[in-house]
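Structure record follows, encoded as structure tokens.
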Amino acid sequence: YEKNLAQVKDFFDANPDKDCRMMMVPTPAYMLRDDLPANAPLFDAEGCFDTLLNTMGGQAINLRTALLPDAANMYYRTDHHWTTQGALTAYQAWCAATGHAPQDWQLETASTTFRGTLYSKVLLPDSVYDAVDYCPDISIVSADCDGTERDSLYDMTALEKKDKYELFLGGNYAKAVLRTGTENGKHLLVVKDSFANCFVPFLTGDYETITMVDLRYCREKLQPLADEADDILVLYEITNFAADSNLFKLNLQ
């Protein structure tokens, strides 16, 4: 975890002319720890977030405060991801930290029959269903996802599949380049895991181009992509970040 944070810090230090931010998504076990059974094992998330703030300083956006008041609705009950409401709440925290004016995005329910990765681990027949929300008002001009052209941020066919979280861009790609239709000339580079998939749509009103990179699959050098960008955002769920062995790619020359 600390080595990965150091890689992000070095990457940000190599781009001093850009607004570089890091958002680390807390686990639901940490945010809802009062609901855990007695003596349930839990890693030192508090210490990890303290280390984040000590390492990244003002470049770290602290999501704990933003997500805590309504934490139960920030996460799916049967899947490891945050909900679209969680991502929208994080977007509002991002706006407050970066000085962007938050847009009044309104969510609608796309499905009420989602059972995700946590359900798949236990397969309890009476498990609850989750609702999957999205913002149908958000549109883009195009998205180049590893060479496949799309004209929407949403893959509605995913609603007929088991993994309905693939509603957001159809899943993960090494690199996805979004042309949003916002004509302001601004370019954002997002280094991310899958938690960013439902978050990035909320940024389409702030940037003309958004490049999303998943280091697990990307083979390109990152600095040339950073050179093209005005701002940089690194967005991961904390346990994914701690376990990721690809952050060294940020600083390959």
Side-chain angles (χ1 to χ4, degrees), residues 8 11-12 15 17-25 56 58-63 66-67 74 81-108 110 132-145 150-155 165-215 218 222 225-237 240-241:
V8 175
F11 185 57
F12 284 3
N15 293 277
D17 58 329
K18 307 177 191 305
D19 187 356
C20 300
R21 303 286 178 158
M22 182 164 196
M23 297 175 68
M24 197 82 79
V25 183
M56 306 304 299
Q59 293 175 313
I61 299 174
N62 188 349
L63 293 181
L67 298 176
M74 301 293 106
H81 290 104
W82 57 3
T83 61
T84 314
Q85 182 60 57
L88 178 57
T89 303
Y91 159 75
Q92 293 161 347
W94 174 86
C95 288
T98 59
H100 287 77
Q103 301 198 39
D104 186 23
W105 299 121
Q106 298 297 314
L107 301 182
E108 292 186 10
V132 181
D133 297 331
Y134 77 125
C135 183
D137 293 335
I138 298 178
S139 62
I140 57 172
V141 174
S142 66
D144 182 343
C145 302
R150 310 177 62 93
D151 60 3
S152 174
L153 288 164
Y154 304 114
D155 182 358
Y165 191 77
E166 289 191 356
L167 167 69
F168 306 102
L169 267 182
N172 296 306
Y173 305 92
K175 184 174 75 171
V177 181
L178 313 182
R179 309 294 180 187
T180 67
T182 298
E183 297 180 355
N184 62 8
K186 297 192 67 176
H187 187 164
L188 174 69
L189 172 63
V190 182
V191 182
K192 42 77 75 179
D193 65 7
S194 58
F195 276 67
N197 294 3
C198 66
F199 172 84
V200 166
F202 300 122
L203 306 182
T204 54
D206 295 278
Y207 296 94
E208 185 169 331
T209 306
I210 301 175
T211 300
M212 302 168 62
V213 174
D214 191 322
L215 295 178
C218 186
L222 269 290
L225 297 178
D227 291 339
E228 298 174 354
D230 299 285
D231 299 334
I232 298 173
L233 173 65
V234 175
L235 172 57
Y236 279 79
E237 187 271 342
N240 289 345
F241 181 82

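Just so it is clear, the model here is predicted, and its values are computed rather than measured.
Under a 3.5 Å cut-off, the side chain of Thr89 and the backbone N or O of Leu67 do not form any donor-acceptor pair. Counting only distance, with no hydrogens or angles, the side chain of Lys18 and the backbone of Ala226 share a donor-acceptor pair below 3.5 Å. The main-chain N or O of Thr83 is never found under 3.5 Å from a side-chain atom of Asp133 such that the two would form a donor-acceptor pair. Side chain of Tyr165 to main chain of Ser194: a donor-acceptor pair is present (N/O by atom type, distance under 3.5 Å, no hydrogens or angles). Asn184 contributes a side-chain N or O that, together with a main-chain N or O of Asp206, makes up a donor-acceptor pair within less than 3.5 Å. Side-chain N or O atoms of Trp105 include none that pairs as donor or acceptor with a backbone N or O of Leu88 at under 3.5 Å. Although no hydrogens or angles enter the test, the distance criterion places no donor-acceptor pair under 3.5 Å between the side chain of Thr180 and the main chain of Ile140.
Classification of the Phe195-Trp82 ring pair by plane angle, with boundaries at 30° and 60°, yields tilted. Ring geometry for Tyr154 versus Phe168: interplanar angle over 60°, hence perpendicular rather than tilted (30 to 60°). A parallel orientation is assigned to the rings of Tyr91 and Trp94, their planes being inclined by less than 30° (bins at 30° and 60°).
At most 12 non-hydrogen atoms from other residues, nucleotides or ligands lie less than 6.0 angstrom from CG of Asp151.
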* Asked: Yes or no on side-chain contact (heavy atoms from CB on, under 4.5 Å) for Asp19 and Asp230, after CA distance, side-chain angles and deciding distance?
  -> CA-CA 7 Å; Asp19 187 356; Asp230 299 285; over 6 Å; no

* Test side chain to side chain donor-acceptor pair (under 3.5 Å) on Arg179 and Thr209 and set out the steps. => CA-CA 5 Å; Arg179 309 294 180 187; Thr209 306; 3.0 Å; yes

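Between Met212 and Leu169 there is a side-chain heavy-atom pair separated by less than 4.5 Å. The closest side-chain heavy-atom distance from Lys186 to Asp231 is below 4.5 Å.
For Tyr207 and His187, the ring centers are positioned 6.0 Å apart or more.
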